[in-house]
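Beneath this line is the structure, given in structure tokens, with notes to follow.
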Protein chains: 2
Amino acid sequence: MLQEDFSFVSHDCGDCPIRHRAVCARCETDELERLEEIKYYRSFEAGQTVVWSGDRMDFVGSVVSGIATLTQTMEDGRTQMVGLLLPSDFVGRPGREGAAYDVVATSDLVMCCFRKKPFEQMMETTPHIAQRLLQMTLDELDAAREWMLVLGRKTAREKIASLLAIIGRRDASINSLSIQEKIVFDLPLTREAMADYLGLTLETVSRQISALKREGIIELQGKRHVTVPDFSRLLEEAGDDSDGGLLV
Amino acid sequence: MLQEDFSFVSHDCGDCPIRHRAVCARCETDELERLEEIKYYRSFEAGQTVVWSGDRMDFVGSVVSGIATLTQTMEDGRTQMVGLLLPSDFVGRPGREGAAYDVVATSDLVMCCFRKKPFEQMMETTPHIAQRLLQMTLDELDAAREWMLVLGRKTAREKIASLLAIIGRRDASINSLSIQEKIVFDLPLTREAMADYLGLTLETVSRQISALKREGIIELQGKRHVTVPDFSRLLEEAGDDSDGGLLV
DNA sequence: TGGGAGGGTTGATCTGGGTCAATGCGCCGT
DNA sequence: ACGGCGCATTGACCCAGATCAACCCTCCCA
């Protein structure tokens, strides 16, 4: 899981709070300075598209605040979300020209970016950056494959439970809460976005959430605010053998 | 697509024919020698398991000949294939202890392995190896995400067509044939394995293959030998907007 | 103060693909 | 030449989830 690979302690990488530490954890001071030089911020409003699939993408970076999604769309409009970007997540592919997916802000979003060319040059001269990036990419790959199991073999109910578990765990660990007991969080996605993530329709998502609520597995305050009184029960519903999903 | 990132020309990396070129394309002679030193071969029979998920995995390597699959299994037996390893594909995660998935040989299999520790040490001192590995991992990540669209949003028929297209394209490019015209290849998987890949049952796989055959999209000689008279028609059936899938 | 847009819920019905079950191969060993 | 085993096909039936449709809630702006 991403969070465990390095500490989330605050550090001195300007005002982008978390993840660049991942890239530069072992950097010397002058390397940090070089990163500072090629760093800049971009803000987006909820609903805005960061990049379209196929567009030239001349930066890499990470989410400072807000949520973004990675989606693929077929010509007939069917869409599949392939990744959820939460604060501290990295976006972009060193060594690639175009974006492979649509990146869309689902809330107001601030990203901390590095121009790609100089970032790539740094990578070449600073081996542990490439290694750190390799670790992160392997994590993402594991998450994507975990999600393939969800998409290919789980029932609607299990899919919903899996998604709630992932978001809940992720939220809990960001706020460094223990995961054994009650968990509270806000859903960062509309029912439709959840459906796109899970390969379902929004109606099915809504029905299954209602069912989980009816059965006391979750409690809802409003449409988005979720309380999970017993996390292990949610995990059971998710059909998770391991102690939980990896995605994002 | 993997194949385009480097040339598939034969080279001097011992008798493992292809992919290590990927790892060592820019290696100096002495680096190649160091790779030689930590290299060894392993053979498996069809059906044998290479590693179980969770096992300690102390090597990385690539497939020399034969086919292997990467699968995940839930406690109740539902399984999802998350990757297909064809000759030249890389397996293993530098910097990781255990295997994340079951790796199973579906045919007789020869792998060329490197002991992980020394390989990791080489990575640290030879930056372009980490970079090359990063590229390969990004390719795999793209492939996995492409497959998420297949699993989440495509119909059974589209799933089958997508799989045939991927295998066909891959086969054609290995034999360096053009892809525009007739394509002929052997299915490396049983119906059941195809089902596990596609998130279907083997009955549905069988029915859809029969349907594609009935309609002349594909021809079958025996159960496994496939002829695709018009590849673009197959791609249409796959619902592929892009010029085709990436997976594996 | 009202209406309309964006989300969300719920019901009725339909259907693609799952499930269960029978049958059909080839191939191998004796 | 004969069973038996692993794989594949095909049919009959069923059900989870899609589809279509009505309606609700809440926030925003005229």
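In what follows, every chain begins at residue 1, and chains take the letters A, B, ... in the order their sequences are listed.
- The CZ atom of Arg78(A) sits 13 Å away from the P atom of dA18(D) (whole-angstrom rounding).
- Across the protein-nucleic acid pair, His225(A) atom NE2 and dG8(C) atom C1' stand 18 Å apart, rounded to whole Å.
- Within 4.0 Å (heavy atoms only), Gly47(A) reaches no atom of the nucleic acid at all.
- Rounded to whole angstrom, the span from the CD atom of Glu192(B) across to the P atom of dG18(C) amounts to 13 Å.
- How far NE2 of His225(B) is from CG of Asp186(B): 5.5 Å, rounded to the nearest 0.5 Å.
- Contacts of Gly199(A) with the nucleic acid, taken as non-hydrogen atoms under 4.0 Å apart, involve only primed sugar atoms and P, OP1 or OP2.
- Counting only distance, with no hydrogens or angles, the side chain of Asp142(B) and the backbone of Asp139(B) share no donor-acceptor pair below 3.5 Å.
- Using a cut-off of 4.0 Å between Lys/Arg side-chain N and Asp/Glu carboxylate O, Glu140(B) and Arg145(B) are scored as not salt-bridged.
- When the C1' atom of dG17(C) is taken as reference, atom NZ of Lys159(B) falls 9 Å away, rounded to whole Å.
- Here Thr190(B) lies in heavy-atom contact (under 4.0 Å) with sugar-phosphate atoms only.
- Here dA16(D) presents its C1' atom at 13 Å from CZ of Arg157(A), a figure rounded to the nearest Å.
- Comparing Arg207(A) and Arg207(B) against DNA chain C, the residue whose closest nucleotide sits nearer the 5' end is Arg207(A).
- Across all strands shown, Ser210(B) has heavy atoms under 4.0 Å from sugar-phosphate atoms exclusively, and none from any base.
- Along DNA chain C, the nucleotide nearest Arg224(A) and the nucleotide nearest Arg153(A) are compared for position; the residue whose nucleotide lies closer to the 5' end is Arg224(A).
- Rounding to whole angstrom units, CG of residue Leu202(B) and P of dT23(C) are separated by 18 Å.
- When the nearest nucleotides of DNA chain D are assigned to Glu203(A) and Ala156(A) by heavy-atom distance, the more 5′-ward of the two goes with Ala156(A).
- Within the 4.0 Å cut-off from OP1 or OP2 of dG8(C), not a single side-chain nitrogen or oxygen of Ser206(A) is found.
- Spacing between atom CG of Asp76(B) and atom P of dT19(C) amounts to 11 Å, rounded to whole angstrom units.
- Distance, Leu220(B) CG to dG26(C) P: 13 Å, rounded to whole Å.
- Residue contacts shown for Leu200(B) are limited to sugar-phosphate atoms, with no base heavy atom under 4.0 Å away.
- No cation-pi contact links Arg169(B) to Phe185(B), judged by a cut-off of 6.0 Å to the six-membered ring centre and 45° from its axis.
- Between Thr201(B) and dG17(C) there is no side-chain N or O to OP1 or OP2 distance below 4.0 Å.
- Ser210(A) pairs with exactly one of Arg214(A), Arg207(A), Gln208(A) by the side chain to side chain contact (heavy atoms under 4.5 Å, CB included) rule, that one being Arg214(A).
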